[in-house]
Student: 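This is the structure I want to talk about, given as structure tokens.
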There are 2 protein chains.
Amino acid sequence: MTKDSNTEQKIKEAAEQIFVKKGLTGARMQEIADLAGINKAMLHYYYRSKDKLFEAIFIELIGDFVPKIFGAMGSDLPIDKKVEHYVNEIISAMTTHPELPLFIFNELRNNPKEFINKMGINPGGMLEKIDAQLKEEAEAGNIRPIPVHEFMINMASMCVFPFLAKPMFQGMFKVDEATFYSIMEMRKKSIPEYIMNSIRVKN
Amino acid sequence: MTKDSNTEQKIKEAAEQIFVKKGLTGARMQEIADLAGINKAMLHYYYRSKDKLFEAIFIELIGDFVPKIFGAMGSDLPIDKKVEHYVNEIISAMTTHPELPLFIFNELRNNPKEFINKMGINPGGMLEKIDAQLKEEAEAGNIRPIPVHEFMINMASMCVFPFLAKPMFQGMFKVDEATFYSIMEMRKKSIPEYIMNSIRVKN
DNA sequence: GTCTATAAAGGGATAGAC
DNA sequence: GTCTATCCCTTTATAGAC
């Protein structure tokens, strides 16, 4: 864990910004160099090629992001608390990096196999744990039975999709940037309610 | 509405396929020509430039897609039937064009203004109509009050997001292509239930 | 390590024959 | 309308001085 040289750090920050915004094919090495305030040749000195640079940035972003997302589901909390925790974590993470989901899904499409290998999916048997919790609650008569994949995809959908559809959402409902983010902030409370109400058995 | 020449039709089909899969910057004119089984120069003969070709394809795709999606919400059906109708329409549309949402959201990001103008959003005061219906149902004590943007984004999220996250979903839950689509087929029934249960007041 | 200069490849666009 | 050949700008990548 050695401290990166100043130049390398500047390259990383610039490359992240450009790649996330424009994608691999849309980004220009010159653009990255300019933003980093260095020469184009330096990019090749530190990373041999554009592809290698992209790969490095991608790995780093995924390494930050994916554990945060899945980590929130791995705890021993009861299911409703887990949902609250997850929704909070993921909306917070995406509020600071709103372009990340589109970037990730693009790379996912271009390179599904490598991607799935790179990211540690289902750490610590998280999915099995949630599945068990859902079954318990259903048998206790608290919720209707629901497959774990349905439960997870509904939750992820409601948290992440609005960031992907942000410009369309803003166009349709005539909301500015600040309003969009305040709506997402409120959704930290409302999404867990939608989720639990959609499966809870009322007495 | 003149019948397109055979060549032009082949160009359109090839360009659609390549652009949808790789985006504007990722696509290569040579690639499109090869797939169409014609020469690269022909692309410039029919459409002056790569940008113009892309624009033409984009407009056509949007023209097919957006009205279908919003149309489903403009009827005079009661709200629960409307949801069923919408969910069916959109999942069916995306099952035949699974790459379309990512393509659209990419272009949205690159060109938000033109996009919003191009697509006829909120046709026929659809949003106001739905908003009124939600308010009526809430006043009648049938559902909890919910802002129309929350209602719409939740519904769209659960329908569209799984297609965006398809490779990740398949990786996490170990499902093949056929299984993925059969899950989405089943979601035509379950999503309307989640939606309505999440806001319905039980007696 | 950092720069300038330049090579080498890629890819959009056009000229001109048929 | 369709093709081949080619132009030429853009962009990645490297050589070599400092």
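Sequence lines set the chain letters: A, B, ... in the order given, protein chains first and strands last, and positions in each chain run from 1.
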Student: Look at K22(A) together with E31(A) and state whether they make a salt bridge at an N to O cut-off of under 4.0 Å.
Tutor: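 Between E31(A) and K22(A) there is a salt bridge, with a charged N closer than 4.0 Å to a carboxylate O.
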Student: Expressed as a whole number of angstroms, how long is the span from K40(A):NZ to dA13(D):C1'?
Tutor: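 Rounding to the nearest Å, NZ of K40(A) and C1' of dA13(D) are 8 Å apart.
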Student: Taking only the side-chain heavy atoms of Y46(A) (C-beta and beyond), determine which of dT4(D), dG1(C), dC3(C) contains the nearest atom.
Tutor: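 Selected nucleotide (nearest to the side chain): dG1(C).
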Student: State which residue, out of F169(A), F180(A), F105(A), F103(A), fulfils the ring-ring contact (aromatic ring centres under 6.0 Å, His included) condition with F163(A).
Tutor: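 That would be F180(A).
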Student: Select base, sugar-phosphate, or nothing to describe what Y47(A) touches, counting heavy atoms under 4.0 Å on all strands.
Tutor: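 Touches nothing.
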Student: Rounded to whole angstrom units, what separation is found between the CD atom of E8(A) and the P atom of dT2(C)?
Tutor: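 Rounding to the nearest Å, CD of E8(A) and P of dT2(C) are 10 Å apart.
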Student: What I want to find out is whether K188(B) reaches E84(B) closely enough, with some N-O distance under 4.0 Å, to be called a salt bridge.
Tutor: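 No, K188(B) and E84(B) are not salt-bridged.
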Student: What integer distance in Å separates Q30(B):CD from dA9(C):C1'?
Tutor: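 For the pair Q30(B) CD and dA9(C) C1', the rounded distance is 15 Å.
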Student: M42(A) near the nucleic acid: base, sugar-phosphate alone, or nothing, with a heavy-atom cut-off under 4.0 Å?
Tutor: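 Since a base atom lies under 4.0 Å of M42(A), the category is base.
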Student: Given dT2(D), dT4(D), dT2(C), which nucleotide is nearest the side-chain atoms of Y45(A)?
Tutor: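 Of the candidates, dT2(C) comes closest.
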Student: Let me know the distance between NE2 of H44(B) and C1' of dG12(C), rounded to the nearest Å.
Tutor: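 One finds 5 Å between C1' of dG12(C) and NE2 of H44(B), rounded.
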Student: For dT2(C), take OP1 and OP2 only and decide whether either is under 4.0 Å from a side-chain N or O of T7(A).
Tutor: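 The answer is yes; a side-chain N or O of T7(A) sits under 4.0 Å from OP1 or OP2.
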Student: Looking at K166(A) and E177(A), does any basic side-chain N land under 4.0 Å from a carboxylate oxygen?
Tutor: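 Salt bridge between K166(A) and E177(A), a charged N being under 4.0 Å from a carboxylate O: yes.
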Student: What is the separation between atom CG on L43(A) and atom P on dT4(C), rounded to the nearest whole Å?
Tutor: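 Answer to the nearest Å: 14 Å.
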Student: To the nearest Å, give me how far apart CG (N39(A)) and C1' (dT12(D)) are.
Tutor: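 Going from N39(A) (CG) to dT12(D) (C1'), I get 13 Å.
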Student: In whole angstroms, how far is the C1' atom of dG12(C) from the CZ atom of R28(B)?
Tutor: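 Nearest whole value for this atom pair: 10 Å.
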Student: Does the dG11(C) base have a donor-acceptor partner in the side chain of K50(B) within less than 3.5 Å?
Tutor: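 A donor-acceptor contact between them is absent.
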Student: Can any side-chain N or O of R109(A) pair as donor or acceptor with the backbone N or O of K21(B) at less than 3.5 Å?
Tutor: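 Checking the backbone N and O of K21(B) against the side chain of R109(A), a donor-acceptor pair under 3.5 Å is found.
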Student: Could you tell me the separation between the CE atom of M29(B) and the C1' atom of dT10(D), rounded to a whole number of Å?
Tutor: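 Roughly 16 Å, once rounded to whole Å.
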Student: For a quick check of understanding: with a heavy-atom distance under 4.0 Å over all strands, which category does A27(B) fall into, base, sugar-phosphate or nothing?
Tutor: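 Sugar-phosphate contact only.
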